[in-house]
K.L.:
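Attaching a single structure in structure tokens format; questions to follow.
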Amino acid sequence: MKKTVLIVYSQLYDTSALALKNYFESDGRYDVIAIDEKTYDNFHFIKTYHGLYKVTYRHLPSLNNVIINLPTAEVSRKKDSDGNIAPYKPNSEAFQRWRKFDNIMMRFDADYVICTSQYAIHKAVIAREKYNLKGKIFALATDYALQGNFVSHDVDGYFIVTGKCKKQLVDKGIDEDKIYVVAMPLNEAMQIKRSKEDVRKQFNIRNDLPIVTVVGGRYGSKYICKTLECICENKDFNFIFVVNGNGSPQKKLKKLAKNASLNLTNNIYFVQSGNELERAYYISDYVISAPTAAITYEVLLRKIPLLLMDSANNVETKNSKFLISGGYAYSAINKTRLTRALESVKEDDEDWRDHCDRKFKWNGCEQVLMCIDAIDRGEDPHDALLAKNIPEADEVGVQIESAAPAAEKQEKKKRRRWFK
């Protein structure tokens, strides 16, 4: 009899969740259900929450932390006469608005529950305890550094993508044996049979200039427009902006065109659909991206030099610092740094590719499935991962540095000035 895997995700963190769903379904040994937040929570509440999240994410970082923590805050629990923590009461008024989520958990009573958002992690833990459900609960955290509200001592395991996150979880009291370092779960790359020249023509690119693809993630167009300002006079490259239906960059370009002091390039191309990313990656010489974990991993998996536009608050800032300080990406937050990065990328090509070859090798979907299979057999998932162990990215740079002679170390320091 097939066992059931329930994947509970937020639309703000859906890339890896949907990749896991597709991979588990293609494997065929599990029944897979994927539920997003609109299914299990009040629509008006979610709409308000997302609106506050997106506004504060870019402009009010300190308030953003409050917004994130509100729905995931631990509920105070009473103790009985013996000093033991009292169990949750199924009819407690504190959990009435979570009833849909509870019903989903009870209906499927899945053998394995994988949660990709802080919100879902805490809800799943409470629902399991309230209704004595059998399933094991796992948290999937795909950012390069940990957000504090992902921490729950009641989950059965953590899937994370860096050794840094592992250390942070251990420091917060999570058992090291419950933490599994995997690669980023991603959908399998589309196979493109056309030549690069044909694909360039499909994008209406008729010259031989190198191509830079610009993609901004989910949280607004402000920094895409800032990048547009930085490159609007650059005639050395073609720039493909993947705007996914957002009209702000085109409007920004029209405003820039009215500025008589600017000499705008005609090598800027706007692509409306995010589905075109695969083809854009195929012909890209460089990618400028927001420091969104899944996008940056996808780019580095393809060994395309990565330039990072300005980051937002805690999540993107941590991702950006991790990638840049580790030598996996270049800072491109303003015109000066972008210009410097485009000049430096060729000089650093060998070191940069060596870094990428060590870290960005695998799709994590297979590794997550290996862990679940091992747990299902009653074996240690760490043994299953050992054959495909990923060097922890924050240690890779240290190993390279320590192995180099002193003179080479000094030279590397000089060459790495582009990220400071």
Side-chain angles (χ1 to χ4, degrees), residues 1-11 13-14 16-43 45-46 71-72 74-75 77 84-141 150-159 174-175 177-180 182 185 365 368-381 384:
M1 182 177 176
K2 288 185 179 181
K3 292 196 173 180
T4 304
V5 176
L6 173 63
I7 301 173
V8 187
Y9 65 97
S10 161
Q11 289 184 317
Y13 303 95
D14 62 356
S16 292
L18 296 179
L20 280 179
K21 175 182 179 291
N22 295 339
Y23 193 86
F24 272 72
E25 285 179 337
S26 65
D27 181 76
R29 287 177 291 155
Y30 295 91
D31 289 323
V32 187
I33 304 101
I35 304 289
D36 70 7
E37 75 239 330
K38 286 186 179 179
T39 306
Y40 62 74
D41 219 326
N42 180 277
F43 177 76
F45 171 77
I46 285 294
T72 61
E74 293 286 353
V75 179
R77 299 172 63 182
N84 299 316
I85 296 176
Y88 291 109
K89 295 180 180 179
N91 295 320
S92 170
E93 292 181 4
F95 306 110
Q96 286 303 309
R97 72 177 185 83
W98 293 5
R99 184 55 58 86
K100 282 186 179 179
F101 188 91
D102 289 351
N103 288 340
I104 289 169
M105 291 289 290
M106 287 189 291
R107 175 187 175 190
F108 295 109
D109 197 7
D111 299 279
Y112 303 101
V113 181
I114 300 174
C115 302
T116 67
S117 73
Q118 310 95 317
Y119 198 28
I121 291 168
H122 292 274
K123 279 189 169 186
V125 165
I126 292 172
R128 180 173 65 178
E129 183 169 343
K130 282 196 295 181
Y131 302 106
N132 296 315
L133 303 179
K134 65 182 180 181
K136 294 183 180 294
I137 299 172
F138 298 89
L140 172 64
F150 259 98
V151 178
S152 171
H153 293 272
D154 297 313
V155 299
D156 297 284
Y158 273 88
F159 295 111
I174 302 297
D175 185 352
D177 291 337
K178 293 165 60 175
I179 305 170
Y180 313 115
V182 298
C365 291
V368 173
L369 179 59
M370 287 168 56
C371 289
I372 296 296
D373 285 343
I375 293 169
D376 202 37
R377 296 191 301 268
E379 300 173 0
D380 185 355

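Because the structure is a prediction, the values reported are computed rather than measured.
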K.L.:
Provide the closest heavy-atom pair for A374 versus P381 in the form atom of the first, atom of the second, distance.
P.N.:
CB-CA, 3.8 Å
K.L.:
Under 4.5 Å between any side-chain heavy atoms of I375 and Y112, yes or no?
P.N.:
yes
K.L.:
As an exercise, state the distance from CZ of F159 to CD1 of I372, rounded to the nearest 0.5 Å.
P.N.:
4.5 Å
K.L.:
Set out, in order, the CA-CA distance, both residues' side-chain angles and the distance that settles side chain to side chain contact (heavy atoms under 4.5 Å, CB included) for V113 and F108, then state yes or no.
P.N.:
CA-CA 10 Å; V113 181; F108 295 109; over 6 Å; no
K.L.:
So Y131 and N103, do their side chains get closer than 4.5 Å, heavy atoms only?
P.N.:
no
K.L.:
Who passes salt bridge (Lys or Arg N to Asp or Glu O under 4.0 Å) against D373, sequence neighbours left out?
P.N.:
R29
K.L.:
Would you say V125 and H122 make side-chain contact, with heavy atoms under 4.5 Å?
P.N.:
no
K.L.:
Mind listing the closest non-hydrogen atom pair of A124 and F101 along with its distance?
P.N.:
N-CE2, 3.4 Å
K.L.:
Between K3 and D31, is the closest basic N to carboxylate O distance under 4.0 Å?
P.N.:
no
K.L.:
What's the separation between atom CD1 in I7 and atom CG in D36, rounded to the nearest 0.5 Å?
P.N.:
12.5 Å
K.L.:
For the atom pair CD1 (I121) and CD1 (I114), what is the distance rounded to the nearest 0.5 Å?
P.N.:
11.5 Å
K.L.:
Decide yes or no for L369 and Y23: does some side-chain heavy atom of the first lie under 4.5 Å from some side-chain heavy atom of the second?
P.N.:
yes
K.L.:
Please tell me if the side chains of M370 and V182 come closer than 4.5 Å, counting only heavy atoms from C-beta onward.
P.N.:
no
K.L.:
Applying salt bridge (Lys or Arg N to Asp or Glu O under 4.0 Å), can you list everything that pairs with K136, at least two apart in sequence or on another chain?
P.N.:
none
K.L.:
Taking Y9's backbone N and O only, do any of them form a donor-acceptor pair with S117's side chain (distance below 3.5 Å, no angle check)?
P.N.:
no
K.L.:
If every non-hydrogen atom of T116 is compared with every non-hydrogen atom of A17, which pair is closest and at what distance?
P.N.:
CG2-CB, 3.7 Å
K.L.:
Rounded to the nearest 0.5 Å, what's the gap from OH on Y30 to CG on D376? Could you check?
P.N.:
4.5 Å
K.L.:
Between D111 and K134, is there a side-chain N and carboxylate O pair less than 4.0 Å apart?
P.N.:
yes
K.L.:
To the nearest 0.5 Å, how far apart are CG in L133 and CG in D109?
P.N.:
5.0 Å
K.L.:
Can you name the nearest heavy-atom pair linking D156 to R128, along with the distance?
P.N.:
OD2-NH1, 2.6 Å
K.L.:
Given side chains that start at C-beta, do those of C115 and L140 come closer than 4.5 Å, heavy atoms only?
P.N.:
no
K.L.:
Applying ring-ring contact (aromatic ring centres under 6.0 Å, His included), can you list everything that pairs with Y158, at least two apart in sequence or on another chain?
P.N.:
none
K.L.:
Roughly how far apart are L6 CG and M105 CE, rounded to 0.5 Å?
P.N.:
6.5 Å
K.L.:
When you compare the side chain of R107 with that of I104, does any pair of heavy atoms fall below 4.5 Å?
P.N.:
no
K.L.:
For residues Y180 and V368, determine if any side-chain heavy atom of one lies less than 4.5 Å from a side-chain heavy atom of the other.
P.N.:
no
